[in-house]
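See below for the structure under consideration.
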Amino acid sequence: MFELCGNSSTKGRTPPPDARLARLAAAQHGVVTLQQLNGLGIDRDAIKYRVRVGRLHPLHRGVHAVAHDEISQSGRFLGAVLALGEGAVLSHLSAATEWNFWKRAPEFVHVTVPRRTVCGVKAFHSA
């Protein structure tokens with residue numbers, strides 16, 4: 001049945017998880033994290049099903065492409081940043097490419113993550 005002129009029977013209802021997933025993916029260049037999927041109410045079994053039928057495509061650890069795995073360069077960049085977690089930022093030639101300061105896409109995605117303390121010793125991590 002179609003909703004016409006704001007049919008009150010559907011007002012105030014939360015859209016189904018896949019509709020919310022589509023909107024989130026569209027806002028994030030086609031990529032989402034496992035945490036975001038869980039936040040949409042999509043559990044581990046539902047994720048496995050969506051991978052099996054081709055609705056989700058593993059991109060990085062904890063990051064999936066939605067609907068297809070041919071994502072844009074911006075999607076590849078964002079996927080790498082999301083995979084490395086809080087505080088990670090696109091950097092070096094990847095950032096220069098994303099901001100149109102550099103014309104040629106780098107061979108690898110460059111991401112910098114904040115320093116973390118491990119057993120009292122500060123360590124610098126870069127991917």
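Residues: numbered from 1 along the sequence shown. Treat the numbers as computed from the prediction; the structure is a model and nothing was measured.
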Side-chain heavy atoms nearer than 4.5 Å, only ILVMFWY residues, links allowed to pass through others: does that put L34 and L82 together?
no
Run the side chain to side chain contact (heavy atoms under 4.5 Å, CB included) test against V89 and tell me which residues pass, sequence neighbours left out.
T112
Keeping to residues at least two apart or across chains, list the salt bridge (charged side-chain N to carboxylate O under 4.0 Å, His left out) pairs with something in residues 63-75.
none
Exercise: identify the closest heavy-atom pair between G54 and H57
O-NE2, 3.0 Å
Output the distance between atom NZ (K48) and atom CZ (R44), rounded to the nearest 0.5 Å.
6.0 Å
Are L59 and V66 joined in one hydrophobic group, where the rule is that I, L, V, M, F, W and Y side chains link up if heavy atoms are under 4.5 Å apart?
no
Using modelled atom types and a 3.5 Å cut-off, is there a donor and acceptor pairing between side-chain atoms of S94 and backbone atoms of L90?
no
Do S74 and E98 pair up side chain to side chain, a donor and an acceptor below 3.5 Å, judged on atom types alone?
yes
Report yes or no: do F108 and F77 belong to one cluster of Ile/Leu/Val/Met/Phe/Trp/Tyr joined by side chain heavy-atom distances under 4.5 Å?
no
Given a cutoff of under 4.5 Å between side-chain heavy atoms of I, L, V, M, F, W and Y, with clusters grown through shared members, what are the other residues clustered with V53?
Y49
Quick one: hydrophobic cluster around W99, which other residues, with the 4.5 Å side-chain cut-off, linked directly or via members?
F101
Smallest heavy-atom separation, V81 atom then A88 atom, equals CG1-O, 3.4 Å
Could you tell me if the side chain of I47 sits less than 4.5 Å from the side chain of N38, heavy atoms only?
yes
Taking all heavy atoms of H60 and all of A83, pick out the closest pair and write down the distance.
CB-CB, 3.5 Å
Min side-chain heavy-atom separation V32-V63 under 4.5 Å
no
For the CG atom of L56 and the NE2 atom of H68, what is their distance to the nearest 0.5 Å?
12.0 Å
Residues passing the salt bridge (Lys or Arg N to Asp or Glu O under 4.0 Å) test with D43, sequence neighbours excluded, are none
Applying side-chain contact (heavy atoms from CB on, under 4.5 Å), run through V111 and H92 and close with a yes or a no.
CA-CA 8 Å; V111 178; H92 299 81; over 6 Å; no
For the atom pair CZ (R55) and CG (D18), what is the distance rounded to the nearest 0.5 Å?
5.5 Å
Determine whether more than 12 heavy atoms belonging to other residues, nucleotides or ligands lie under 6.0 Å from atom CD of Q35.
no
Are the side chains of R76 and V109 in contact, using a 4.5 Å heavy-atom criterion?
yes
Using a 4.5 Å cut-off on heavy atoms from C-beta on, say whether the side chain of R104 contacts that of T97.
no
Going by atom type alone, with no hydrogens or angles, which donor-acceptor pairs under 3.5 Å involve a side-chain atom of residues 20-31 and a protein atom two or more places apart or on another chain?
{"from": "R20", "atom 1": "NE", "to": "P15", "atom 2": "O", "distance (Å)": "3.0"}
{"from": "R20", "atom 1": "NH2", "to": "L40", "atom 2": "O", "distance (Å)": "3.1"}
{"from": "Q28", "atom 1": "OE1", "to": "Q36", "atom 2": "NE2", "distance (Å)": "2.9"}
{"from": "Q28", "atom 1": "NE2", "to": "V31", "atom 2": "O", "distance (Å)": "2.8"}
{"from": "Q28", "atom 1": "NE2", "to": "Q36", "atom 2": "OE1", "distance (Å)": "3.1"}

